[in-house]
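Remember, predicted model here, so these are calculated numbers, not experimental data. Just so you know, these numbers use all the heavy atoms, side chains as well, and skip hydrogens, waters and symmetry mates.
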Amino acid sequence: MSLRRVASLLTVAGIAGALGATASTARAATAANCSFTLKIGTVLPFTGDLAAYGGNMDKAVKLAVGLQNTALKQLGLSGKIKVQVVDSQDGQTQASASVEAAKKEVGEHVNVIIGEMASGATIPMAQSVTIPNRVVLISPTASAPQITTLADKGYVWRAYPSDTLQGKVLATAALAKYGKGATINVGARNDAFGTALQQLFIAQWKKLGGKVGTSLAWNPDQATFDTEAQQLVAGNPAGWVIIDFPETFQKFAPALVRSGKWDASKTLMTEALKTGATLDAIGSPVVGLSGTAASAAGGPAGGAFHALWNRSVKGAKPYTGFEGTAFDAANVAFLAAMRGCSAAPAKVKSNLISVSGPPGKKVTFAKLKQAITLLRAHKDVDYEGAFSPVDFDKNGDIGSAVYEIWQYQGGGKFTTLKTITFRGK
């Protein structure tokens, strides 16, 4: 090899080494200069049909933010990086209230809104407020399939599975309960959640050879439900599938009882009615009621989160298991901001997939310090949640879910009859 060739190679190696050193120095400088305040707002149902859940969801967000700020302080970063819950607004499980609440929080310059729980409130809030204002929206539990295909520019996400899956689970549960070829009656609240799941269930039920006698929907805001109850119990069905929220069903159930033809033990419902306080208030007529629900059993950190909740949260309503969805939403938003070294919503949304799934180092809420350290070193993390592994896809949906078939035993107690797992592709 000629001396000129050796000199040339040494020069190239020197340049490469210099570039590598420069890049390394730049990364270190970026980590050192990283400074932002992530501002989170919640829009959750403190009143309305899902009031049984909203308060606990808000507490879950604040619990997550407290852990984040503690980890930052322990790492000596709290002078430069902070997370704030700027406002907690009541979405009332309603579209108009949620829209106004979101407008208020956008005016308070939030980067991320966690809410609403109901699809019928989440979708208009997204379309009217958060998408046009380029604010990240993460719903803890909105499950309507149309959220997947919203023209949202990547700003809408959810920590709960789409009802595309629940329609299949509900049909599978109905087949086991009523038998192949059985005729059942189906009723649902007339909103984005109820009618969408009703249609999905009926399609899946018919694919399995089932038949539908009566199918109807009702206005959840009406004063009485006797007419609808009489229609729902008409004929001689093998059973019923009812899709509703707690506040409405507390008024609907007495009308079903008055019909003299309804049997709770022959009825399937969904996750919204898995609330002991609501069913206890109705009483003995609903003992034996069954239903389907996405379950925290799919959360790698579910047990640890429940223990943390019991230790740390005071003044909460009875634990439901859904609190982990709001907790996970707050944590992935924080980690996305850390990865982008910015609270800007555009940066947060662009990093949510990266921090919520492979191939990064798996971390739970208990390892936030490690996650922060890795992200500051420009290494990837994979957040493993309290409710699910998260694993967001390009549509903002989580990548896997565990469903349970539950049964109400009375006295606030439920048993799990079966679990069904769906995994991402």
Side-chain angles (χ1 to χ4, degrees), residues 34-45 54 57-69 71-72 81-91 98-99 101-117 121-123 125-142 147 150 152-160 323-356 365 368 371-372 375 381 383 385-387 390 392 395-398:
C34 193
S35 177
F36 63 86
T37 298
L38 177 64
K39 296 181 178 181
I40 296 175
T42 69
V43 178
L44 294 163
M57 291 290 196
D58 189 62
K59 288 180 183 295
V61 172
K62 291 172 179 174
L63 179 60
V65 169
L67 294 176
Q68 294 157 17
N69 283 320
L72 289 167
I81 303 172
K82 297 181 179 67
V83 190
Q84 298 175 350
V85 178
V86 174
D87 200 353
S88 296
Q89 287 286 310
D90 184 5
S98 295
V99 167
K103 285 180 180 177
K104 182 177 185 297
E105 293 187 350
V106 168
E108 294 168 321
H109 307 293
V110 299
N111 310 110
V112 176
I113 291 178
I114 297 176
E116 228 258 10
M117 291 185 67
T122 300
I123 293 170
M125 180 168 65
Q127 292 175 325
S128 299
V129 185
T130 62
I131 296 170
N133 284 283
R134 295 179 172 85
V135 170
V136 173
L137 178 67
I138 308 177
S139 172
T141 59
I147 292 175
L150 276 181
D152 60 14
K153 302 174 185 175
Y155 283 98
V156 180
W157 306 74
R158 55 177 160 186
Y160 195 82
E323 292 83 357
T325 59
F327 183 79
D328 290 343
N331 279 329
V332 292
F334 167 66
L335 293 174
M338 283 300 313
R339 188 177 192 272
C341 189
S342 172
K347 286 278 191 178
V348 173
K349 71 159 185 169
S350 67
N351 285 294
L352 282 168
I353 291 175
S354 296
V355 300
S356 69
F365 72 86
L368 282 177
I372 294 167
L375 290 169
V381 301
Y383 176 77
F387 188 82
V390 188
F392 282 133
N395 297 312
D397 288 333
I398 63 173

Residue pair Ala102 / Val43: nearest heavy atoms and the distance that separates them: N-CG2, 4.2 Å
Min side-chain heavy-atom separation Val135-Glu105 under 4.5 Å: no
Polar side-chain atom of Ser128 near backbone of Met125 as donor-acceptor pair, under 3.5 Å: no
Donor-acceptor contact present, side-chain Thr122 to main-chain Glu116, <3.5 Å: yes
Exam field: side chain Asn351 to backbone Leu335, donor-acceptor pair closer than 3.5 Å: no
Side-chain heavy atoms of Leu352 within contact of Val390, under 4.5 Å: no
Within-4.5 Å side-chain heavy-atom neighbours: Phe334 and Asn69: no
Whether Asn111 side chain and Ala343 backbone form a donor-acceptor pair below 3.5 Å: yes
Short side-chain to backbone donor-acceptor contact, Thr37 and Lys82, under 3.5 Å: no
Distance-minimising heavy-atom pair for Ala386 and Gly324: CB-CA, 4.0 Å
From Ile113 atom CD1 to Glu108 atom CD, the distance as rounded to the nearest 0.5 Å: 9.5 Å
Gap between atom CD1 of Ile138 and atom CZ of Arg158 - 0.5 Å precision: 13.0 Å
Passing option when Phe392 is tested against Tyr383, Trp157, Tyr160 for ring-ring contact (aromatic ring centres under 6.0 Å, His included): Trp157
Side-chain heavy-atom pair Thr130, Tyr155 within 4.5 angstrom cut-off: no
Main-chain N/O of Lys153 paired to Lys349 side chain as donor or acceptor, under 3.5 Å: yes
For the student: nearest non-hydrogen atoms of Leu137 and Ala126, plus distance: CD2-CB, 3.7 Å
Spacing of Thr325 atom OG1 and Met117 atom CE [to the nearest 0.5 Å]: 6.5 Å
Separation between OG of Ser98 and CG of Leu44, rounded to the nearest 0.5 Å: 9.0 Å
Nearest-0.5 Å distance that lies between atom CG in Asn395 and atom CG in Leu150: 10.0 Å
Residue pair Ala344 / Ser342: nearest heavy atoms and the distance that separates them: N-OG, 3.0 Å
Derivation of the side-chain contact (heavy atoms from CB on, under 4.5 Å) call for Glu323 and Leu63: CA-CA 10 Å; Glu323 292 83 357; Leu63 179 60; over 6 Å; no
Donor-acceptor contact below 3.5 Å, side chain Asp328 vs main chain Phe387: yes
Check against side-chain contact (heavy atoms from CB on, under 4.5 Å), Asn331 and Leu368: CA-CA 9 Å; Asn331 279 329; Leu368 282 177; 4.2 Å; yes
Minimum-distance pair of heavy atoms, taken over all atoms of Ala101 and Asp90: CB-O, 4.4 Å
Side-chain heavy-atom pair Met338, Ile81 within 4.5 angstrom cut-off: yes
Shortest non-hydrogen contact between Pro345 and Val136, atoms and distance: O-CG2, 3.5 Å
Thr42 vs Met57, side-chain contact (heavy atoms from CB on, under 4.5 Å): CA-CA, chis, key distance, verdict: CA-CA 9 Å; Thr42 69; Met57 291 290 196; over 6 Å; no
Close side-chain approach of Gln68 to Phe365, heavy-atom, < 4.5 Å: no
Distance (rounded to the nearest 0.5 Å) between Lys39 NZ and Asp87 CG: 12.0 Å
